[in-house]
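Below is one structure; the comments refer to it alone.
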There are 2 protein chains.
Amino acid sequence: MGAQLHQLLREAIVQTTLKPGTALSETDIATRYQVSRQPVREAFIRLAQEDLVEIRPQRGTFVRRIVAANVLDARFVREAVEVAVAREAAMNADAAAIARLHVTLKAQAAAHDNPGFLSADEAMHREIALIAGRESAWRIVDQVKAQMDRVRYLSYVDVSPIDQLLSQHRAIVDAIAAHDADAAEMAVRIHMAEILQQLPELARRYPEMFETS
Amino acid sequence: MGAQLHQLLREAIVQTTLKPGTALSETDIATRYQVSRQPVREAFIRLAQEDLVEIRPQRGTFVRRIVAANVLDARFVREAVEVAVAREAAMNADAAAIARLHVTLKAQAAAHDNPGFLSADEAMHREIALIAGRESAWRIVDQVKAQMDRVRYLSYVDVSPIDQLLSQHRAIVDAIAAHDADAAEMAVRIHMAEILQQLPELARRYPEMFETS
DNA sequence: GCTGCTATACTACCATACAAGCAGTTATTG
DNA sequence: CAATAACTGCTTGTATGGTAGTATAGCAGC
């Protein structure tokens with residue numbers, strides 16, 4: 001149950017269903033999900049290690065506010081890793097792998113609603129990491145990604161231009177299919193720059209969700 | 001107490017004081033450190049999330065064996081991130097920063113025993129990340145590094161040539177001091193390739209510490 | 001001698017009770 | 001009236017008992 005709770009809460013936080021700054025009480029969550037405090041507590045510990053909540057002893061547990069510097073660092077790490085991953089994928093990709101990538105592209109084009117697109121998005125990036133043979137490297141990206149995704153879910157109603165993201169994805173896949181590592185690197189870097197444009201605007205619009213420090 | 005326990009056990013595992021494959025019992029650790037089982041359990045959860053132990057429900061908790069693929073992926077991630085960090089550090093470094101790097105170099109040269117060198121090593125890499133203004137990016141590297149450090153501690157008795165590592169460090173610092181990003185990148189890549197040479201030899205020598213899968 | 005069952009001794013997991021600390025409010029006192 | 005002290009309601013932290021599952025050693029039966 002503890003692991004499931006962690007998964008549930010994690011999703012809720014990343015999707016900003018649980019808004020940054022919200023107080024999470026162990027007993028509250030426990031009664032809500034009909035379990036004791038212990039599994040909840042353990043879920044909190046996991047979330048704290050992912051920097052999604054902050055446990056302040058004897059005071060409370062709070063959904064971490066978004067810290068712009070952390071989001072930028074997450075982006076930085078993700079760019080570095082995904083660039084390297086894409087280069088390796090470009091070297092390794094065989095016909096079957098390229099076919100799988102095209103499938104995820106189709107799925108993205110089909111799912112025009114935002115939540116669907118985001119999961120297809122995630123699936124594609126993950127697939128690229130698997131093609132590169134870097135499964136456990138993807139676990140790191142996935143962890144870091146959470147900080148960025150919270151921002152994306154803030155903006156998903158209005159800002160993000162899906163067509164643009166989709167064409168960026170196409171560029172990445174094309175480069176990998178052409179076994180062109182340099183082109184893949186460039187395509188990933190362009191793609192990773194996307195969030196940089198949204199962040200300042202969002203910090204201005206939702207100040208209560210950001211850490212002012 | 002839970003957090004302290006986590007720190008203690010983490011160190012013991014990374015330094016292979018607790019050998020890969022060892023069974024860790026909640027009650028054992030609890031009685032040994034004079035606490036109840038709960039804090040121990042919470043420490044285990046943290047360690048599991050860092051992939052340092054494996055909790056098998058109703059069976060036991062075990063120090064994870066070293067998986068060569070995971071070490072290689074950790075190295076891969078670390079190289080990607082530290083290359084990017086070093087490039088930024090080369091851009092940002094001012095006189096004071098360069099002076100701090102020289103201090104850590106001196107500390108490394110002074111501490112000729114292995115444990116001392118490793119902590120000075122860590123301090124230098126951390127300092128570079130701070131100079132680059134990527135503090136939270138370093139947290140990721142630090143986490144990933146644990147998988148590599150376990151291997152380094154296996155080899156610290158005999159294999160690792162400290163003088164060689166030190167000269168590699170000097171190359172990195174020189175490149176940063178010269179504000180030469182390309183040189184910094186090259187120096188870091190060379191440095192990160194070091195562990196690649198040790199890994200196969202160690203897997204052969206200590207097979208019981210490695211996962212055969 | 002070999003196979004299969006059973007008792008037992010472990011394990012992690014969950015629930016519950018108690019302890020300790022912080023904060024805001026209320027009562028008390030100078 | 002003001003300042004302070006105690007009180008009350010919250011929080012996380014820790015300890016402990018009971019549960020369910022697994023692995024193993026030993027015995028029974030073939």
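Residue numbers start from 1 in every chain, and the chains themselves are labelled A, B, ... in the order their sequence lines are given, proteins ahead of strands.
- Of the candidates C:dT11, C:dC14, D:dG13, the closest approach to any side-chain atom of A:E42 belongs to C:dC14.
- In this structure, of C:dC13, C:dA15, D:dT12, it is D:dT12 that holds the atom nearest to the side chain of A:T61.
- Map A:L24 and B:Q38 each onto its nearest nucleotide of DNA chain D; the residue landing nearer the 5' end is A:L24.
- Between A:S25 and the phosphate of D:dT11, there is a side-chain N or O to OP1/OP2 separation shorter than 4.0 Å.
- Classification of the A:H169-A:H191 ring pair by plane angle, with boundaries at 30° and 60°, yields perpendicular.
- For B:V35, the side-chain atoms get nearest to D:dA15 when compared with the rest of D:dT12, C:dC13, D:dA15.
- For A:R37, the listed nucleotide lying nearest its side chain is C:dA17; candidates were C:dT11, C:dC14, C:dA17.
- Using a 4.0 Å cut-off between charged side-chain N and carboxylate O, A:R126 and A:E122 make no salt bridge.
- Of the candidate nucleotides C:dC13, D:dT11, C:dC14, C:dC13 has the atom nearest to the side chain of B:Q58.
- OP1 or OP2 of C:dA15 lies within a sub-4.0 Å distance of a side-chain N or O belonging to A:S36.
- Looking at heavy-atom distances under 4.0 Å, A:I45 makes no contact with the nucleic acid at all.
- Between A:Q34 atom CD and C:dC14 atom P the separation is 15 Å, expressed in whole Å.
- Counted by atom type alone, A:Q143 and B:Q143 present one or more donor-acceptor pairs between their side chains at under 3.5 Å.
- In this structure, B:R56 atom CZ and C:dC10 atom C1' are separated by 14 Å, rounded to whole Å.
- Computed from coordinates, the B:F44 CZ to D:dT14 C1' distance equals 16 Å when rounded to whole Å.
- Residue B:E26 contributes atom CD, which lies 13 Å from atom P of D:dA15 at whole-angstrom precision.
- Note: CG (B:L5) to C1' (D:dT14) measures 12 Å, nearest angstrom.
- Side-chain nitrogen and oxygen atoms of B:T27 include none within less than 4.0 Å of the OP1 or OP2 phosphate oxygen of C:dC10.
- Distance B:R41 CZ to D:dA15 C1': 14 Å, rounded to the nearest Å.
- Two residues, B:P57 and A:P39, neighbour DNA chain C, and the one matched to the more 5' nucleotide by heavy-atom proximity is B:P57.
- Computed from coordinates, the A:E54 CD to D:dT11 C1' distance equals 14 Å when rounded to whole Å.
- Residue A:R59 has its side chain nearest to C:dA23 when only C:dA15, C:dA12, C:dA23 are considered.
- A salt bridge links A:D51 with B:R139: at least one charged nitrogen is closer than 4.0 Å to a carboxylate oxygen.
- If you check the side chains of A:E11 and A:H6, you find no donor sitting under 3.5 Å from an acceptor.
- Straight-line distance from the CG atom of A:L47 to the P atom of D:dT12: 13 Å, rounded to whole Å.
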